[in-house]
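Below, each value reflects all heavy atoms present in this structure, side chains not excepted, and no hydrogens, waters or symmetry copies.
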Amino acid sequence: MRLPRSVATTPLIAFALSATLALLSALLVAAPAESKQPRRIGQVVSEDCYNLALFVSLDDEQVERAAAMLPREFTLTSEPTLLVESSTCARATVNGRAIGRFHLSEAALSIEQPRELSSAQMSETAPESIFMLSQLDTNKRLSRFKKRAGYRSEVTRIEIDLGNPLLPRTATASAGGRIAPSSVSVTLSPQLTPTGLTAPNPGIVYKLWTVDRRGRVVGTTNSNRELGNAAVGYGTVTVEKGTTLHRLLGNTTASGYSISGSAAGFTNDTYRFRD
C-alpha cells in the first residue's frame, strides 16, 4: 500500500490529518475507464497486506545522482523522493498460481509518468509513478516473474515488525541480499483509525516502471483495495556501502516521513510496451 509522494514534503500533523480523512472518506470507486493499453504480461493478486514505507526527500547532489541512474526515457519529479517500502501479505496468486505468505522490499524514485498507462481495476484520482531500483521478495515464484518482466529482483531474507498498533511504537523492517540490502527504523504513531474500520481506495494508483534487458519499457499498475490501520511517523533507513542506495544517498543513512497501514489486498497488472 502506498500514498502519494507529497507525504515526503508535508508536515507530519497535516499528513496525519490527510491520511485519516482519506481512510475515513466514503468514496466509491468508479468503474474502470476504458483506454488503450500495452500488452499485459502478468498479474499478481494479493490478500491481507500490511506495510511500512519511508519517503526520503533528495537534496541537490542526490537528485543529480538519481537522475543519472534513470534510463533515457525517465525523468524525476520536480521534488523527487526515494521510497523504501516493506510489505507482507497473507497469500497471493501469481499469474493464477497460488502462493502463501510472502514479504517484499522495494526501493524506488518518484518520476513523471513516461507512457500512457491506467489501472484496469479502478478509476484514478491520484496516480503516481515510480522507477523501481529494486524489488526483493521472499517467494521464488513471485521474484522469478518480476525478474522475467524486467525488474531487478532477488529472493532474500525480509523481516517486518510493526509493533503494537494501539501504542506509540518503533516499527522496523530489514532486507538482505546483494541488490539493495537495507534496514528501516521508524518512530510510528498509534494507528489513526479503529481496528477493522476500512475505506475504499479513493483512487491512489501507483505505476511501477522499469526497462527490461531488451530496452523495452515495462509498467505495473498497483491498485490497493480497502485501506485501514493508518499510522504516520518519522524514521531512518540504513544501507550498506557500495550498494545502489549508498551510491544514490552518498551516505549509509537517510531520514524521512513514514506511513504504515493495511489493505485488503492489491492487484498488480504488469504491461510491456512494444516500442
Side-chain angles (χ1 to χ4, degrees), residues 1-32 44-55 83-93 100-106 119-128 158-173 184-206 221-235 256-269:
M1 186 181 71
R2 299 180 177 88
L3 293 181
R5 59 177 176 264
S6 58
V7 62
T9 56
T10 303
L12 186 57
I13 294 177
F15 172 56
L17 178 60
S18 65
T20 305
L21 290 176
L23 288 172
L24 292 177
S25 63
L27 295 174
L28 295 177
V29 177
V44 177
V45 181
S46 75
E47 297 179 26
D48 191 14
C49 301
Y50 290 82
N51 85 324
L52 180 66
L54 183 74
F55 297 81
L83 166 68
V84 180
E85 179 183 24
S86 295
S87 302
T88 181
C89 298
R91 66 196 68 86
T93 59
R101 175 167 292 281
F102 66 94
H103 304 332
L104 59 85
S105 177
E106 302 174 329
S119 172
Q121 309 302 323
M122 63 179 65
S123 293
E124 303 173 10
T125 60
E128 297 284 345
I158 300 171
E159 297 177 354
I160 306 170
D161 183 357
L162 297 178
N164 186 340
L166 303 181
L167 300 173
R169 52 199 153 129
T170 298
T172 60
V184 171
S185 180
V186 174
T187 300
L188 204 60
S189 72
Q191 64 186 37
L192 303 174
T193 53
T195 300
L197 177 63
T198 63
N201 183 343
I204 302 168
V205 175
Y206 263 76
T221 56
N222 169 242
S223 308
N224 293 282
R225 308 184 301 275
E226 295 296 326
L227 310 180
N229 300 302
V232 295
Y234 193 84
Y257 292 106
S258 180
I259 176 71
S260 179
S262 67
F266 64 74
T267 299
N268 278 11
D269 293 305

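- When all heavy atoms of Y234 and G256 are compared, the closest pair comes out as CD1-O, 3.3 Å.
- Side-chain N or O atoms of T198 include none that pairs as donor or acceptor with a backbone N or O of E226 at under 3.5 Å.
- Between Q121 and T221 there is no side-chain heavy-atom pair separated by less than 4.5 Å.
- Among all heavy-atom pairs drawn from M122 and N224, the shortest one is CE-O, 3.3 Å.
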Using a 3.5 Å cut-off and no angle test, enumerate the donor-acceptor pairs between side-chain atoms of residues 164-171 and protein atoms at least two apart in sequence or in another chain.
| residue | atom | partner | partner atom | Å |
| --- | --- | --- | --- | --- |
| N164 | OD1 | L166 | N | 3.0 |
| R169 | NE | N164 | O | 3.4 |
| R169 | NE | S189 | O | 3.1 |
| R169 | NH1 | L162 | O | 2.8 |
| R169 | NH2 | S189 | O | 3.0 |

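- Nearest approach of S260 to N51, heavy atoms of both residues: OG-O, 2.7 Å.
- When all heavy atoms of L83 and A53 are compared, the closest pair comes out as CD1-CB, 3.9 Å.
- Using modelled atom types, no side-chain atom of S258 and backbone atom of G233 make a donor-acceptor pair closer than 3.5 Å.
- Under the 4.5 Å side-chain criterion, counting only non-hydrogen atoms from C-beta, E128 is not in contact with I204.
- Using a 4.5 Å heavy-atom cutoff, the side chains of Y50 and N229 are in contact.
- The shortest heavy-atom contact between I160 and T88 is CD1-N, 3.8 Å.
- Looking at S262, its side chain does come within 3.5 Å of a backbone N or O of G228 through a donor-acceptor pair.
- Nearest approach of A120 to D269, heavy atoms of both residues: CB-OD2, 4.3 Å.
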